[in-house]
Amino acid sequence: MAQQGGQDPAAAIEMAKQEMDYRVALFNAMVSSCYEKCIDKRYKDGELSVGENSCIDRCSSKYWQVTGIVGQMLGSQGGMH
Amino acid sequence: MAQQGGQDPAAAIEMAKQEMDYRVALFNAMVSSCYEKCIDKRYKDGELSVGENSCIDRCSSKYWQVTGIVGQMLGSQGGMH
Amino acid sequence: MAQQGGQDPAAAIEMAKQEMDYRVALFNAMVSSCYEKCIDKRYKDGELSVGENSCIDRCSSKYWQVTGIVGQMLGSQGGMH
Amino acid sequence: IEQMQVRDSLRMYNTLVERCFKDCVESFRRKDLDATEEKCVQSCCSKFMKHSARVGIRFGELSSEAETQMQQMMAGQQAGGGK
Amino acid sequence: IEQMQVRDSLRMYNTLVERCFKDCVESFRRKDLDATEEKCVQSCCSKFMKHSARVGIRFGELSSEAETQMQQMMAGQQAGGGK
Amino acid sequence: IEQMQVRDSLRMYNTLVERCFKDCVESFRRKDLDATEEKCVQSCCSKFMKHSARVGIRFGELSSEAETQMQQMMAGQQAGGGK
């Protein structure tokens, strides 16, 4: 209960804001990382090809898995809580 | 009148601050993008050459035009207001 | 005494916060710059080699010296105070 | 929240401009974009927005999967804790 | 405003250090910068500041042009709206 | 301060994910990481954390050296100013 269920509403709002910021940052990083990996930069037209679309799906999935591994690694070092 | 001419002065200040932040971010991005495109990284001396100077002028102009096109594209998708 | 020894405690706190932010940004930039320069990205194992370790030490030292030169250059142009 | 959305759309705008400028504009012999560059910027924008939308869908799916797993795990722990 | 300027000059300082370090320092056989590296960092700084100033001037021009155009357009719309 | 630490550890987390993903994941024929990729991400994380810790130690040393020098310089100036 201690830290997590804190009574201070301002701290709780700040916590929620940081959680939100973190999710936004994660999403933005996923967008640019997968753009780098999957998208053909010749820009012949404005459509995503079949290959690009399936690359995006797999890339998102793998990116997510990397967040899991990194989280575990940081957690085991006491870097995160 | 609705959203734009809001009565809340705090919101108006926040709006102006965001406008300012946006302009600063745009300027900074223009500086680094044109630096990448125009500047010889061998750094023989600390002066800009004639070629670099004219490249900077054209680069600034083209960068600005790109902001226009992107703004239109985002606007037409309802991404901006 | 003027600007530095300001009487406004809020401004002093803000000043200290910016000083802190600046040091954090400097440290983060040093970490990524030296990572780029020193670390073998093949990741055969999770240990730093002897060569990597000594590269990190020298890189940190040189990075710090660059901050000094840049500070002087900016200072002489009145860009910093 | 509204302010965050404004901030995020400005962020996306800046990202798009930087990226599409970098990928599409190579020559600085003139001060105006030519037709090829303009077309390239439009395609780049369009692709980036579609890409971003698709990642958004996947991100949503992965997040809710993770939440479900988390809840199951916590339920399991509580049950285990009551043993 | 004053705080924003401090923040921006710190940002520029960091940008300069990162960039000039990246472009000028390649060897890590010694722990001190040699004369060539030092000279390179100075030239890099100087070029970047001049570059940044020139982009600033152009940015100002382009902004005020855009503002003038915007005002003309809005004046045109109002006149059109009154028809 | 506590919030800054949370923010910084989140920042480091994001940096690590981006970097190790970029360096370790090249193929998108499957939707799951294979054993080599997983091992690579782990090594990458481990190296980055060790690197970051070592830079941290050096950063601390350099900072305190600089502070000592600064104090000596200011002491010198004051003495000089009193002449």
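Numbers restart at 1 for each chain; the letters A, B, ... are given by sequence-line order, proteins then strands.
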Heavy-atom proximity to chain F below 4.5 Å, by part of C/Asn28: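 Just its side chain gets close to chain F.
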
Part of C/Gln65 lying under 4.5 Å from any heavy atom of chain F: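 Contact with chain F is absent: no heavy atom of C/Gln65 under 4.5 Å.
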
Residue pair F/Ser52 / C/Val31: nearest heavy atoms and the distance that separates them: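 Smallest interatomic distance, heavy atoms only, reads OG-CG2, 4.1 Å.
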
Nearest non-hydrogen partners of F/Cys24 and C/Tyr43, listed with the distance: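 Where F/Cys24 meets C/Tyr43 most closely, the heavy atoms are SG-CD1, 4.0 Å.
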
Worked check of side chain to side chain contact (heavy atoms under 4.5 Å, CB included) between C/Cys59 and F/Arg58: CA-CA 10 Å; C/Cys59 181; F/Arg58 296 295 159 252; over 6 Å; no

Whether C/Tyr35 and F/Phe48 hold their rings parallel, tilted or perpendicular, with breakpoints at 30° and 60°: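 The arrangement is tilted - the two ring planes meet at 30° to 60°.
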
Under 3.5 Å: donor-acceptor pair, side chain of F/His51, backbone of C/Ile39: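 No.
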
Among F/Lys47, F/Arg54, F/Lys50, the one residue meeting side-chain contact (heavy atoms from CB on, under 4.5 Å) with C/Glu52: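 So the option named by the test is F/Lys47.
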
Under 4.5 Å from any heavy atom of chain C - which part of F/Thr15: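 For F/Thr15, neither part sits under 4.5 Å from chain C.
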
Approximate separation, where rounding is to 0.5 Å, of C/Asp57 CG and F/Glu61 CD: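 Atom-to-atom, C/Asp57:CG and F/Glu61:CD are 8.0 Å apart.
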
Pairwise distance CD(C/Glu47) to OG(F/Ser46) - rounded to 0.5 angstrom: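 If we round to the nearest 0.5 Å, C/Glu47:CD and F/Ser46:OG are 5.5 Å apart.
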
C/Leu26 and F/Phe59, any side-chain heavy atoms less than 4.5 Å apart: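 In short, these two side chains touch, coming nearer than 4.5 Å.
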
Heavy-atom check, side chain of C/Lys41 versus side chain of F/Arg19, under 4.5 Å: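 They are in side-chain contact.
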
